[in-house]
Amino acid sequence: MILHQIEALRDVGVTEVVLAINYQPEVMLNFLKDFEAKLGIKITCSQETEPLGTAGPLALARDKLIDGSGEPFFVLNSDVISEYPFDELIKFHKSHGGEATIMVTKVDEPSKYGVVVMEEETGKVDRFVEKPKIFVGNKINAGIYLLNPSVLDRIELRPTSIEKEVFPQIAADKELFAMVLPGFWMDVGQPKDYITGLTLYLNSLRKRSPSKLTSGAHIVGNVLVHETAVIGDGCLIGPDVAIGPGCVVESGVRLSRCTVMRGARVKKHSCISSSIIGWHSTVGQWARVENMTILGEDVHVCDEIYSNGGVVLPHKEIKSSILKPEIVM
């Protein structure tokens with residue numbers, strides 16, 4: 001997901017990305033090392049020794065973010081996906097001359113979120129209302145920002161919330177503007193939201209570059225299959241399926257609304273729906289995996305097993321059925 005963001009940033013001329021990481025930064029950096037040269041972008045890390053909230057990490061990385069040019073910098077939540085319209089965001093930010101721009105997205109149930117109250121014509125943000133009981137607007141913070149370096153002067157090096165402390169202060173000074181995000185948006189921090197996000201992403205691919213999607217007699221709806229994956233005969237795949245590199249899907253398999261990650265194997269005549277199959281995992285013959293089952297890395301589901309919403313931690317073998325949603329440790 002971060003790679004999607006980095007590619008979109010590179011496309012609008014960003015040359016350096018700083019990752020704010022608290023836990024095991026080497027895992028992320030090792031993964032991204034290969035892409036530095038390929039994308040021609042510098043990727044560094046700012047590690048928090050204690051969690052600093054959503055604004056504190058900016059103060060921690062201050063020296064990396066100020067380059068003397070006075071140019072604004074992007075701040076992104078890494079668990080948010082969209083079409084990343086960074087070009088439009090830069091143009092809007094430069095046109096209003098304020099200190100900060102946030103992207104907002106329209107939602108059907110604003111009472112669940114913090115709502116951004118703004119002037120429709122100019123985008124100037126008036127205030128934020130947390131989980132409003134009465135309707136004040138339907139736009140919420142989409143977790144994509146463009147900030148002038150001066151914003152850093154407002155942030156102390158301590159656990160701080162950019163949404164609750166920094167932005168309201170900038171809005172009070174009439175320096176905060178909001179742009180409505182075109183296209184889809186999803187916070188994919190939870191497994192079921194990840195699958196919804198996959199559906200939205202594939203839908204967007206269908207509109208923007210349909211040639212990237214897989215087609216064929218065994219495909220229904222939007223399906224993305226990596227070129228190194230192998231699909232057997234008599235399968236029915238889709239809608240809303242992503243199959244990663246090096247995966248093997250044997251004959252007679254049914255897949256819908258699911259992700260099969262790198263190096264996984266799905267054996268003959270098994271059926272997977274609304275689930276996530278982790279890296280290098282195996283689903284046995286005639287197995288049935290459904291209802292937001294999540295298999296961690298290197299999980300092996302034996303033949304003829306049924307999983308109804310099981311969440312299985314890595315390196316486990318499942319020899320008996322999981323009849324109701326539960327965590328298998």
Side-chain angles (χ1 to χ4, degrees), residues 1-3 23-24 26-28 30-31 34 79 188-199 201-202 214 216 218-329:
M1 277 161 46
I2 286 176
L3 194 54
Y23 178 68
Q24 292 191 338
E26 60 285 347
V27 175
M28 186 70 79
N30 289 344
F31 169 75
D34 301 344
D79 57 0
V188 286
Q190 300 293 326
K192 69 178 192 316
D193 297 333
Y194 176 88
I195 294 292
T196 304
L198 171 67
T199 302
Y201 173 69
L202 293 176
T214 306
H218 61 299
I219 300 292
V220 186
N222 297 334
V223 174
L224 193 60
V225 179
H226 194 270
E227 60 202 13
T228 59
V230 178
I231 311 282
D233 297 331
C235 292
L236 186 57
I237 296 172
D240 305 322
V241 173
I243 298 173
C247 290
V248 176
V249 177
E250 295 182 4
S251 58
V253 165
R254 175 74 179 104
L255 303 177
S256 64
R257 272 183 69 82
C258 65
T259 294
V260 182
M261 293 184 170
R262 178 188 297 271
R265 177 178 283 265
V266 182
K267 293 188 174 176
K268 291 177 183 173
H269 308 298
S270 55
C271 176
I272 300 170
S273 66
S274 300
S275 296
I276 299 170
I277 309 301
W279 310 274
H280 310 289
S281 290
T282 309
V283 175
Q285 296 185 34
W286 296 99
R288 186 177 181 93
V289 172
E290 63 188 28
N291 190 24
M292 281 322 308
T293 288
I294 300 145
L295 307 184
E297 183 170 11
D298 180 42
V299 167
H300 302 284
V301 174
C302 294
D303 294 351
E304 300 177 30
I305 290 294
Y306 172 59
S307 173
N308 172 25
V311 175
V312 185
L313 274 65
H315 316 298
K316 295 273 172 278
E317 187 176 22
I318 301 298
K319 293 178 178 171
S320 57
S321 291
I322 301 167
L323 299 177
K324 63 179 195 314
E326 61 178 296
I327 296 173
V328 179
M329 300 175 76

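All values below were derived from every heavy atom in this structure, side-chain atoms included, with hydrogens, water molecules and symmetry-related copies excluded.
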Within 6.0 Å of [atom1] in [X], more than 12 heavy atoms from elsewhere:
X	atom1	answer
R288	CZ	no
I327	CD1	no
D233	CG	no
Q190	CD	no

Where do [X] and [Y] come nearest, in terms of heavy atoms and distance?
X	Y	result
R257	V241	N-CG2, 3.8 Å
C302	A287	O-CB, 4.1 Å
S281	L295	OG-CB, 4.3 Å
G278	M261	C-CB, 4.0 Å
I276	Y194	CD1-CD2, 3.7 Å
M292	S275	N-OG, 4.0 Å

How far does [atom1] of [X] sit from [atom2] of [Y], to the nearest 0.5 angstrom?
X	Y	atom1	atom2	result
R254	S270	CZ	OG	12.0 Å
D240	T259	CG	OG1	9.5 Å
K267	E304	NZ	CD	12.5 Å
Y201	M1	OH	CE	12.0 Å
L255	C258	CG	SG	4.5 Å
C247	R265	SG	CZ	10.5 Å

Validation row: [X], [Y] side chains within 4.5 angstrom (heavy atoms):
X	Y	result
S251	K268	yes
R262	P245	yes
V301	S307	no
L323	N308	no

Problem - Passing candidate, side chain to side chain contact (heavy atoms under 4.5 Å, CB included) with V328, options I322, L313, V311, V299 - result: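 When I322, L313, V311, V299 are each tested with V328, the side chain to side chain contact (heavy atoms under 4.5 Å, CB included) holds only for I322.
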Problem - Qualifying residue for side chain to side chain contact (heavy atoms under 4.5 Å, CB included) with I277, from I294, T282, V283, T293 - result: V283
Could you tell me whether the side chain of [X] and the main chain of [Y] form a donor-acceptor pair under 3.5 Å?
X	Y	answer
T199	G197	no
K316	M329	yes
N30	E26	yes

Exercise for the section: In sequence, state the C-alpha distance, the side-chain angles, and the governing distance for I237 and T214, and then conclude on side-chain contact (heavy atoms from CB on, under 4.5 Å). Expected result: CA-CA 10 Å; I237 296 172; T214 306; over 6 Å; no
Problem - Residue pair H315 / D298, side-chain donor-acceptor N/O under 3.5 Å - result: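 Indeed, the side chains of H315 and D298 share at least one donor-acceptor pair under 3.5 Å.
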Exercise for the section: Please collect all ring-ring contact (aromatic ring centres under 6.0 Å, His included) contacts where either partner lies in residues 287-308, sequence neighbours excluded, each pair once. Expected result: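 Checked against ring-ring contact (aromatic ring centres under 6.0 Å, His included) - neighbours excluded - no pair reaches residues 287-308.
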Only distances under 3.5 Å count here; give the side-chain donor-acceptor pairs of residues 218-231 to other protein atoms, sequence neighbours excluded, each with its distance to 0.1 Å.
| residue | atom | partner | partner atom | Å |
| --- | --- | --- | --- | --- |
| N222 | OD1 | R206 | NE | 2.7 |
| N222 | OD1 | R206 | NH2 | 2.9 |
| H226 | ND1 | T228 | N | 3.1 |
| H226 | ND1 | T228 | OG1 | 2.7 |
| T228 | OG1 | G246 | N | 2.8 |

